[in-house]
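Below you'll find the structure, written out as structure tokens, and then a few comments.
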Amino acid sequence: MQGRKEQSFDGGTERYVATILVVDDKPANIKLLFDALKDTGYRTLAALDGESAVRQAQLARPDLVLMDVMMPGVDGFEACRRLKKIPETRHIPVIFMTALDETADKIKGFQAGGVDYLTKPLQHEEVLARIDAQMSRHRLWADVEIHTAILLSMGAAETPEAAWTALASLAEKQNDVAGLAVWMADGDYLKLWRVSGFADGRPSRWRRSGGRYDRVPLSEPLIGTAFAENIQITALNEAEWKPYPLWAQSAKLQGHIITPICCIDKRYGVLGIFFGTAVTYAPEERPRWQWMLANSLGNALYHAKSLEAIRRLSEQLKLENDVLREEVSAFASSEAMIGDSAALRRVLDQIDLVAPTETAVLVLGESGTGKELLAQAIHERSKRNGAPIIRVNCAAVPHELFESEFFGHVKGSFTGALKDRAGRFELADGGTLFLDEVGEIPVELQGKLLRVLQEGSFERIGDEKTRKADVRIIAATNRDLSKAVSEGRFRQDLYYRLSVFPLTLPPLRDRREDIPGLTRHFVAHTARKMGAPSPDITDDMIAPFLEYSWPGNIRELQNEIERAMILSQGRPPVFGPPASAAAPPRPTGLESGGESVIREEDWADMQRENMVRALKLTKWRVDGPGGAAELLGLRPTTLRSRMKAMGIERPV
């Protein structure tokens, strides 16, 4: 329906004025109707014949037409038929006026598109009653069309912003609506999100006790209460609005309907529609329409958040793919912690105590003792076992990539950042982050790590958005971190944060009774990998292993067994002194009769010679079964880092 807005005579708020086109070939009849209609507040237009009536209707778009039937030239029936063929005027109701009282004439009028019939001589009370009834019916139908079109547009919107654009048009299409506003939940407040209309003062300028309406506490009696109590608050005129606030008076508002925005028991905010005049038309229907509009906006918000969650999850899964493959590979042999020695049982008892908690754990022990396996065991026994455990080998991360590795980066944030990448904290959200060789983290980066552990928040490199990560930390090291703290190589506050519950894994030489069980486990495991039957292993076959000190611990034992299985060629394996037994003896710091210390450069030379010896034995192959990394009990990435640091290169 096309409405008009006209200033009231006292200069107050705008009021709706309907326009009626009177069509009659007798000016006297037009004047009588003009006088009657103007007295009741209608605006009037006139036409003396059917043809000019059609032109007037196209130009002025009246709200209703009073059409005489018997006119020269184009009569009333034909004029009505023409109006119904024109898209801009087909919705305008037409009431016929005629002295003809035959049923056939009335039927002809309804067939032409008329909605009612007045018989001359006209009775003013009847004319006004028929007009009011048709105007109410017409306005109700127009209201249905307006809201239906808005709801359809909101339903088709792909974003909440597009849904709001459709909703905001209500301020232009309904004359008594002064404006619309949406507040979104923001903690204990509601934050102004979108505004439409309000020629006499937008909500961000409204003053309340304690502030403005751009940020509203949940205790506020109108906007806040509607959200907090999940109720619709309605006042369709100034008398119902109690107490009537000064900001409403200043903004020239006389009514409101405040409705919570919900979807599937989730409240997102509040939709407020404010009226510039008292609502006299369809007061029962207006609140129902607004519930539908608020729910439609709630649906748009819910779907947008769902799509965003799906997008983030898809991105997260894509970014996690390579990382999780590495983690699966790294923990491929973590079926169980093998052994029944008293030393191992003490560790397992401690795991049972700490695993169900959220406490940070620091795993201590020599290289190859199974610190990574212990971290996996803690995670699997924790409440986070449904989420991933993400591993970071701190010794293998280049200094300049530490921040990217831990916190991630966005595309273009530095040279080589070709796409967005999630950091390990983000990948471990809800799960466990295992910091292997934590003592290798550079001092200058330890503060940033500490901040994330304390606050649970971080930013990707090149991104201003602060992200949250709920992560349990398990750290591991073969270094003496307390000594590193005293020497200034490790932050004391970070050390205390990581070492809430320290666990020490005993070296294999201190749990020799576990060697038979470990040997049989690794033999069966290697046989499965090789696709061969698992041979029977006797105590006599294992005996040589019991005499060895195993400086490389369990990793060295596993590598020796795998090497023996490969060499056996289907025959029972022969276990002799490990190849690494020829390596320099493990320094203990004690010799018969006194203490002995190996100089740093001598120890570095011994390590270098041992590394080169292993590379030569494997023909400079670092990775894979029987590779140099396996011989030395190191990870391939660690071996490559040490080769680079020591300047070891394969001869040409």
Side-chain angles (χ1 to χ4, degrees), residues 312-332 334 358-363 371-380 382 384-411 413-414 416-463 465-477 490-491 494 497-498 635-638 641:
R312 284 199 311 268
L313 180 60
S314 177
E315 177 188 347
Q316 186 90 345
L317 290 174
K318 192 181 297 181
L319 293 169
E320 284 180 7
N321 190 39
D322 292 338
V323 176
L324 293 180
R325 285 181 180 175
E326 293 176 11
E327 304 307 322
V328 170
S329 175
F331 290 117
S334 65
E358 293 293 303
T359 302
V361 179
L362 178 62
V363 183
K371 296 187 289 296
E372 192 171 306
L373 187 59
L374 187 145
Q376 178 73 8
I378 294 173
H379 175 73
E380 289 174 351
S382 75
R384 297 172 175 261
N385 56 14
I389 175 171
I390 302 298
R391 175 184 175 278
V392 183
N393 183 355
C394 301
V397 180
H399 183 283
E400 63 275 10
L401 294 180
F402 255 94
E403 282 190 77
S404 174
E405 185 72 17
F406 278 114
F407 313 129
H409 62 255
V410 296
K411 181 179 178 181
S413 56
F414 55 85
L418 302 179
K419 61 180 180 180
D420 289 358
R421 182 181 186 275
R424 297 303 176 105
F425 271 95
E426 195 170 344
L427 295 174
D429 187 27
T432 302
L433 183 62
F434 176 48
L435 304 177
D436 197 8
E437 301 190 55
V438 70
E440 304 296 331
I441 299 177
V443 176
E444 58 269 26
L445 295 174
Q446 292 173 13
K448 294 184 178 181
L449 176 61
L450 179 64
R451 178 217 165 191
V452 182
L453 298 183
Q454 289 175 332
E455 301 177 7
S457 61
F458 63 94
E459 294 84 30
R460 288 183 181 180
I461 297 175
D463 192 2
K465 178 182 178 182
T466 298
R467 301 169 188 267
K468 293 285 186 180
D470 174 23
V471 173
R472 182 187 190 173
I473 297 294
I474 301 176
T477 183
F490 203 86
R491 289 179 63 121
L494 179 58
R497 172 71 63 171
L498 296 175
R635 295 197 176 279
T637 52
T638 304
S641 296

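Throughout, numbering of the chain's residues begins at 1 and tracks the sequence.
- In this structure a side-chain-to-backbone donor-acceptor pair under 3.5 Å is missing from E358 to R472.
- Taking CZ of F407 as the start and CG of L445 as the end, the distance is 8.0 Å to the nearest 0.5 Å.
- Distance check: H399 NE2 to L401 CG gives 10.5 Å after rounding to the nearest 0.5 Å.
- For the pair L435 and F406, the minimum side-chain heavy-atom distance is below 4.5 Å.
- For H409 (side chain) and K419 (main-chain N/O), a donor-acceptor pair under 3.5 Å exists by modelled atom type.
- With contacts defined as side-chain heavy-atom distances shorter than 4.5 Å, the pair L453/L494 qualifies.
- The two residues V438 and C394 make their nearest non-hydrogen contact at CA-SG, 4.1 Å.
- Minimum interatomic distance between F425 and A469 (heavy atoms only, all atoms of both residues): O-CB, 3.8 Å.
- In terms of the side chain to side chain donor-acceptor pair (under 3.5 Å) criterion, S382 has no residue partners (sequence neighbours excluded).
- Paired with E405 under the rule salt bridge (Lys or Arg N to Asp or Glu O under 4.0 Å), one option of R460, R424, K448 passes, and it is R424.
- In this structure, N385 CG and I378 CD1 are separated by 13.5 Å, a value rounded to the nearest 0.5 Å.
- Between E437 and T638 the shortest side-chain heavy-atom distance falls below 4.5 Å.
- Going from atom CZ of R384 over to atom CG of L433 covers 10.5 Å, rounded to the nearest 0.5 Å.
- Between S413 and G462, the closest heavy-atom pair is CB-CA, 3.8 Å.
- Scored by the salt bridge (charged side-chain N to carboxylate O under 4.0 Å, His left out) test, K411 finds no partners at all (sequence neighbours excluded).
- Of all the heavy atoms in I389 and A375, the pair that sits closest is CD1-O, 3.9 Å.
- Put simply, the side chain of R491 never gets that close to the backbone of V443: no donor and acceptor are under 3.5 Å apart.
- Rounded to the nearest 0.5 angstrom, L362 CG and I473 CD1 are separated by 11.5 Å.
- To the nearest 0.5 angstrom, Q376 atom CD is 10.5 Å from L374 atom CG.
- R467 and E426 get closest at one heavy-atom pair: NH1-OE2, 3.6 Å.
- Looking at heavy atoms from C-beta onward, R635 lies in side-chain contact with E372 at the 4.5 angstrom threshold.
- Contact annotation: the side chain of D470 never approaches that of K468 to less than 4.5 Å [non-hydrogen atoms, C-beta and beyond].
- S457 and T466 get closest at one heavy-atom pair: CB-CG2, 3.7 Å.
- Between F490 and T477, the closest side-chain pair of non-hydrogen atoms is not below 4.5 Å.
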| request: Check the pair D436 / R391 against salt bridge (charged side-chain N to carboxylate O under 4.0 Å, His left out), numbers first and verdict last. | output: CA-CA 7 Å; D436 197 8; R391 175 184 175 278; 3.2 Å; yes
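- Side chain of H379 to backbone of I390: no donor-acceptor contact under 3.5 angstrom is found.
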